[in-house]
Asker: 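Starting off with a structure, shown below.
Throughout, a chain's letter reflects where its sequence line sits, starting with A, and its residues are numbered from 1. Predicted, not measured: the structure shown is a model, and the values here were computed from it.
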2 protein chains.
Amino acid sequence: MPVTSPTTFRTTYAEIAAKAGVSRATVSRVLNGDDRVNSDRAKAVIEAASKLGYRTNRAARALSTGRTGQIAVVIDDSPNVLSDPFWGVVLAGISRVLMVHDIHSVLMVSQLESEDSPIANYLEGGDVDGAIFLTVHKEQVVHSLVKKGLPVVVIGTPIDLKSDIVYVDTDNRLGAELATKHLLGSGCKKVATITGDISAVAGIDRLEGYKAAHKSLGHEFNPDLVAYGDWSFENAKTLTLRLLARNPDIDGIFAANDTMALGVMAAIIERGRMVPDHVAVVGFDDNLMAQTHRPGLTTIRQDIVGLGAAAAESMLAILQGETPVPKILPTELVLRESA
Amino acid sequence: MPVTSPTTFRTTYAEIAAKAGVSRATVSRVLNGDDRVNSDRAKAVIEAASKLGYRTNRAARALSTGRTGQIAVVIDDSPNVLSDPFWGVVLAGISRVLMVHDIHSVLMVSQLESEDSPIANYLEGGDVDGAIFLTVHKEQVVHSLVKKGLPVVVIGTPIDLKSDIVYVDTDNRLGAELATKHLLGSGCKKVATITGDISAVAGIDRLEGYKAAHKSLGHEFNPDLVAYGDWSFENAKTLTLRLLARNPDIDGIFAANDTMALGVMAAIIERGRMVPDHVAVVGFDDNLMAQTHRPGLTTIRQDIVGLGAAAAESMLAILQGETPVPKILPTELVLRESA
DNA sequence: TTGAAAGCGATACCAC
DNA sequence: GTGGTATCGCTTTCAA
């Protein structure tokens with residue numbers, strides 16, 4: 001157990017009360033914005049508090065009210081999730097919004113395998129008022145947490161839509177359709193796709209969008225042009241190599257995220273072909289990598305900060321006793337050189 | 001004020017005490033690993049606790065001990081810090097280590113302009129046991145926090161080394177020297193550098209390393225080959241364009257981070273030249289972008305997770321009452337295609 | 001070795 | 001409107 005010097009000296013209600021000549025109860029009322037306090041005395045309290053540099057003790061408040069003012073933000077700790085710039089930005093979006101409401105984000109980077117994993121256990125423990133999940137982990141675990149009464153918001157659509165899980169997501173389907181239509185619309189005859197992880201709804205939806213684009217533009221869907229990826233660079237590269245070997249006349253590829261799109265481009269170059277001249281490429285996300293790569297990556301921009309912010313707002317709503325509806329954020333095609 | 005349903009039901013010492021037939025004091029002793037408790041009764045307590053699914057109430061403990069078991073992790077909220085994959089990984093490193101010690105990381109994404117900014121204020125408030133700063137913000141603010149007795153660790157060397165700030169850092173100077181030597185050693189005659197932000201020690205040190213390499217290999221240092229950057233892609237690109245215009249015979253460039261290295265490469269390509277044939281490029285960091293870019297970026301790898309972990313460990317040491325010495329982590333040259 | 005009891009600081013119920 | 005006070009759950013003297 002850590003042994004530390006005593007925490008910095010803190011002002012308490014008692015001192016404010018003394019200074020302002022009122023009771024601690026009144027101090028509490030004033031500081032919590034209770035109207036029915038004589039305005040003079042209220043003023044006196046405010047003044048005393050600020051003079052004494054009062055800062056509320058969250059632990060005490062939490063103990064008394066049962067609410068902690070803290071929300072857990074749970075990130076899957078699989079290989080390098082946090083190395084993807086995406087999540088960092090989401091995190092920023094969440095944190096900013098919660099901060100404004102004086103709620104702190106407690107970061108939990110960890111695996112959430114089973115219902116009695118340490119994290120799940122902790123989340124039930126009542127030391128946070130709710131949890132926001134980045135990436136749907138084992139959905140079962142999330143469900144059970146919800147059932148136990150923990151306010152939960154997940155970023156990304158749950159597989160089981162009938163469930164009562166509150167979520168926010170990007171319009172993956174439409175975004176993918178946009179991407180694919182752009183390829184098809186700019187003259188590509190044979191457009192392949194590298195999907196994301198198909199066990200996640202985002203993976204499925206982006207594939208659906210790809211199909212929808214074909215249908216809507218009167219192109220036939222060819223299953224042979226679909227390679228099932230896992231969001232990662234290396235994997236996408238390997239799959240693309242394979243794809244190109246089998247179908248040398250592919251002239252467009254939609255990758256379900258930017259990282260994979262770079263893998264796709266790497267493969268194309270390795271095959272001695274050019275982007276976009278021989279094969280056009282479109283990604284999804286519009287992260288820093290899309291912007292700094294050469295050729296610049298044409299991609300689908302999603303509002304990443306907005307995603308985090310929306311999740312935070314949904315959480316706030318739940319804490320308010322409301323039942324927020326899922327939020328689906330729009331996407332936008334960003335044209336660069338790759339397609 | 002949020003209105004929520006009551007927190008999940010929680011077991012308390014009272015119930016454990018009743019079930020185990022001992023006093024609450026004894027329960028506390030056992031659960032906190034106090035030796036001098038009769039081992040039978042101790043066993044009974046442990047058993048009762050686990051049967052009842054006891055989970056400690058952090059707020060109560062914090063109120064009683066004055067320690068919260070929480071560490072703030074402060075990230076500067078300047079344009080997109082979190083969009084750089086670097087910090088996400090550092091975050092993961094911190095979180096993992098602290099988690100093991102049952103300490104939570106409270107994320108604060110915010111600006112820390114002045115000594116009485118909301119964050120500074122909050123940090124003094126005693127709701128966290130310490131703070132880890134990613135990026136040295138206004139160093140003055142950090143100093144004042146330290147002076148007020150808050151345990152602080154910063155990631156990145158402080159400008160004022162005589163200060164009592166505990167820090168961890170990568171060996172920037174040596175890393176930069178490694179990078180530059182590689183360029184010089186593989187036949188480059190005229191090696192330029194795009195520095196990082198020179199107001200940060202990392203920026204200075206990487207420039208020093210560049211100079212040291214020249215000196216050590218008997219090359220003359222030419223101030224004309226130094227462009228002062230700010231870690232960003234766009235800026236690096238602009239600077240490189242300018243550099244190449246003035247010195248068309250530059251055949252190597254060391255960029256003080258990977259993001260800038262990509263900017264450098266973008267500029268080189270824009271000038272119709274090739275990497276590494278015409279101009280070789282070396283970066284610093286070895287983040288995801290270095291790996292996914294084509295040509296692959298030769299760069300200096302730093303142990304990013306290790307940086308976070310080291311910071312966390314230093315914090316733990318401080319909390320233990322020790323005075324950790326600065327930790328400087330080694331670097332390593334990673335060869336890819338760009339140089 | 002153990003238990004009784006006094007806090008920690010804020011909240012909220014109950015009287016006045 | 002306002003004040004007194006019990007309470008939240010855990011830790012930690014102080015006695016025994």
Asker: Once you round it to whole Å, what is the distance between C1' of D/dT11 and CD1 of B/I16?
Answerer: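 About 14 Å, once rounded to whole Å.
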Asker: For the ring pair B/Y13 and B/Y54, is the centre-to-centre distance below 6.0 Å?
Answerer: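 So the answer is yes for these two rings.
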Asker: Can you check whether B/T26 has a side-chain N or O nearer than 4.0 Å to OP1 or OP2 of C/dG3?
Answerer: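 Checking C/dG3 against B/T26, a side-chain N or O does come within under 4.0 Å of OP1 or OP2.
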Asker: May I ask you to verify if any side-chain N or O of A/R41 is less than 4.0 angstrom from the OP1 or OP2 atom of D/dG3?
Answerer: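 For D/dG3, OP1 or OP2 has a side-chain N or O of A/R41 closer than 4.0 Å.
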Asker: Please check this pair: side chain of B/R29 against backbone of B/V37, looking for a donor-acceptor N/O pair closer than 3.5 Å.
Answerer: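 Flag not set: sc B/R29 to bb B/V37 has no pair under 3.5 Å.
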Asker: Are B/T68 and B/D127 linked by a side-chain donor-acceptor pair shorter than 3.5 Å?
Answerer: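 Judged by distance alone, the side chains do not pair up.
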Asker: Have a look at A/V22 and say if it touches a base, only the backbone sugar-phosphate, or nothing, with a 4.0 Å heavy-atom cut-off.
Answerer: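 Sugar-phosphate, no base atom in range.
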Asker: Using a 4.0 Å cut-off on protein heavy atoms (strictly under), produce a 5'-to-3' string for nucleotides 9-16 of chain C with B for base contact, S for backbone-only sugar-phosphate contact, and - for none.
Answerer: BBBBB---
Asker: Heavy-atom distance under 4.5 Å between the side chains of B/R55 and B/T11, does that happen here?
Answerer: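 No. Closest side-chain heavy atoms not under 4.5 Å.
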Asker: Between A/E47 and A/K43, does any NZ, NE, NH1 or NH2 come within less than 4.0 Å of an OD or OE carboxylate oxygen?
Answerer: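 Here A/K43 does not pair with A/E47 in a salt bridge, since their nearest N and O are not under 4.0 Å apart.
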Asker: Specify the separation, in whole Å, of atom CG of B/D35 and atom P of C/dT2.
Answerer: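 Computing the B/D35:CG to C/dT2:P distance gives 12 Å.
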Asker: Once rounded to the nearest 0.5 Å, what's the spacing between atom CZ of B/R61 and atom CZ of B/R67?
Answerer: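 Reported to 0.5 Å precision, the distance equals 9.0 Å.
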